[in-house]
Student: 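Can you read through this structure? Questions will come right after.
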Amino acid sequence: MTDTATTAAGPMPAEARRYLAQVRRRLWALPAADRHETIAGIVDHIEDALARGESASEVLAGLGAPELVATQSAAEFEARTGRVAYPRFLNPARILQLLAFAYCALVAGYQLVWVQGIDTSGRSGGDAVSMMHLVLHGEVAWPGVLPTVLPAMVALVAVLLVGRAWRPGIAVVAVLLLVMCLSNPGQGFDPFLGTLLTWLPALALELAALFVPYRAKAASAH
Amino acid sequence: MPTQDEQTLANLRKGVVEPCLLALLRDGELYGVELARRLSELGLIASEGSLYPLLARLRADGLVTYRREQAKRGRPRQYYALTVQGRASLKSFSRLWTPFSRNVTALIEGASS
């Protein structure tokens with residue numbers, strides 16, 4: 001059941017669809033199954049009330065503000081699980097994300113500026129080089145630094161996301177890091193570490209962020 | 001900021017809305033709008049929309065179940081019903097409620113006179 005369902009009296013009115021979208025947005029922190037069940041109940045309610053001949057604005061006024069539904073949902077989640085529905089910004093998962101970002105930034109910085117490896121491609125005549133050196137000397141076009149800096153950039157965006165984009169953001173970064181890991185194992189820019197070893201710690205941290213419990217215990221746990 | 005009365009009412013509802021919902025389902029299944037209207041008329045929920053998070057939790061706790069039924073005409077509709085566990089929970093509440101509420105009423109009325 002979705003909010004695109006039609007009623008006996010025709011398609012769901014725009015204001016009802018807007019209302020449902022607002023409720024859904026405010027329920028972002030709930031597990032998807034809880035959210036869908038609550039929304040499905042409200043969709044049914046709206047359709048039934050409209051079929052009885054009530055106006056959309058009457059029905060929505062009766063349902064109450066989306067905030068009220070969200071508050072009630074959070075309270076019920078708390079009663080059932082003993083944990084708060086809406087995580088604090090700085091929760092265990094986000095701390096792991098921050099560590100992953102810090103690691104990615106260090107790797108990028110190291111490879112861009114400080115790496116002291118022998119350029120095995122021979123482009124710099126066997127000198128110790130950094131990625132910056134190669135770019136500045138035109139030996140590598142600037143998109144060549146993307147594999148080095150992209151993980152840090154994406155991890156930074158993901159760690160700053162709030163609301164319903166937060167959890168999917170972690171998954172996106174994890175997938176990106178997995179691709180990075182597998183892109184050139186054993187042959188990263190850093191001659192000492194392949195891409196697998198280079199990015200594996202960050203991938204592990206992001207995966208841990210996906211699975212670590214991130215909701216604090218409720219103050220009045222049952 | 002909620003007024004004192006609103007706050008008091010919210011606290012009172014917390015403990016009784018669940019058994020009252022179960023009691024409404026005692027004599028047979030109802031659909032969402034009916035449940036919402038009855039609870040709202042009785043002043044047990046602040047707004048009809050807050051029924052649905054409650055129903056989701058009661059279902060997760062195994063007290064309420066629901067089924068979709070194709071109506072004779074028109075769209076299918078979702079009916080809510082008590083489970084065995086829900087009936088047991090209601091029975092437990094109603095056994096404790098009468099002496100409990102009598103004590104509270106006696107105390108509160110004694111305090112106001």
Side-chain angles (χ1 to χ4, degrees), chain A residues 1 5-10 12 16 19-20 22-24 26-27 29-54 58-82 85 220 222, chain B residues 2 6-7 9-11 13-19 21 25 29-81 85 89:
Chain A
M1 164 134 300
T6 55
T7 68
M12 184 161 285
Y19 178 85
L20 287 166
Q22 283 171 13
V23 173
R24 189 175 291 118
R26 287 192 166 77
L27 297 184
L30 292 188
D34 292 30
R35 181 170 57 245
H36 293 157
E37 191 170 338
T38 301
I39 296 283
I42 296 176
V43 169
D44 235 42
H45 179 107
I46 294 175
E47 290 179 343
D48 273 332
L50 289 176
R52 291 174 165 204
E54 295 172 32
E58 280 172 344
V59 180
L60 300 183
L63 281 170
E67 292 85 350
L68 286 177
V69 179
T71 307
Q72 186 73 27
S73 284
E76 300 297 351
F77 180 88
E78 206 169 302
R80 182 161 64 83
T81 64
S220 57
H222 292 245
Chain B
E6 281 165 355
Q7 191 57 52
L9 200 52
N11 287 338
R13 281 169 178 149
K14 261 179 205 149
V16 297
V17 63
E18 175 181 323
L21 189 156
L25 294 174
E29 46 187 27
L30 290 175
Y31 58 96
V33 176
E34 289 176 328
L35 265 177
R37 293 285 145 87
R38 300 284 293 280
L39 288 172
S40 175
E41 281 161 15
L42 293 167
L44 288 163
I45 48 177
S47 69
E48 292 173 358
S50 43
L51 168 66
Y52 297 97
L54 174 63
L55 278 173
R57 200 253 303 164
L58 293 180
R59 195 203 51 78
D61 285 348
L63 302 181
V64 161
T65 180
Y66 53 68
R67 66 184 178 86
R68 295 195 76 77
E69 188 178 271
Q70 184 64 54
K72 284 185 185 67
R73 56 188 183 78
R75 41 181 297 279
R77 182 184 265 167
Q78 190 148 288
Y79 284 90
Y80 298 87
Q85 204 185 330
S89 168

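Each chain gets a letter, A, B and so on, in the order the sequences are listed, and its residues count up from 1.
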Student: State plainly whether the residues B:Arg37 and A:Glu54 are in salt-bridge range, i.e. N to O under 4.0 Å.
Tutor: yes
Student: Given the options A:Gly62, A:Ser73, A:Ala70, which has more heavy-atom pairs under 4.5 Å with chain B than any of the others?
Tutor: A:Gly62
Student: Quick one: pull up OG1 in A:Thr38 and OH in B:Tyr52 and give me the separation to the nearest 0.5 Å.
Tutor: 11.0 Å
Student: Apply side-chain contact (heavy atoms from CB on, under 4.5 Å) to B:Glu34 and A:His45, showing your working.
Tutor: CA-CA 9 Å; B:Glu34 289 176 328; A:His45 179 107; over 6 Å; no
Student: Is a side-chain N or O of B:Ser50 found less than 3.5 angstrom from the main chain of A:Gln72, in a donor-acceptor match?
Tutor: no
Student: Looking at B:Asp61, B:Leu58, B:Leu54, B:Leu55, which one has more heavy-atom pairs under 4.5 Å with chain A than the rest?
Tutor: B:Leu54
Student: Rounded to the nearest 0.5 Å, how far does CG of A:Leu60 lie from OG of B:Ser47?
Tutor: 11.5 Å
Student: For the atom pair CD (A:Glu37) and OH (B:Tyr66), what is the distance rounded to the nearest 0.5 Å?
Tutor: 3.5 Å
Student: Inspect the surroundings of CZ in B:Arg38 and state if more than 12 heavy atoms from other residues, nucleotides or ligands are less than 6.0 Å away.
Tutor: no
Student: Supply the atom-to-atom distance B:Arg59 CZ to A:Asp34 CG, rounded to the nearest 0.5 angstrom.
Tutor: 8.0 Å
Student: A:Arg35 versus chain B, heavy atoms under 4.5 Å apart: side chain, backbone, both or neither?
Tutor: neither
Student: Is B:Ala56 close to chain A through its backbone or its side chain, or both, or neither, when contacts mean heavy atoms under 4.5 Å?
Tutor: both
Student: Give a yes or no answer on whether the side chain of A:Asp44 reaches the backbone of B:Gln78 with a donor-acceptor pair at less than 3.5 Å.
Tutor: yes
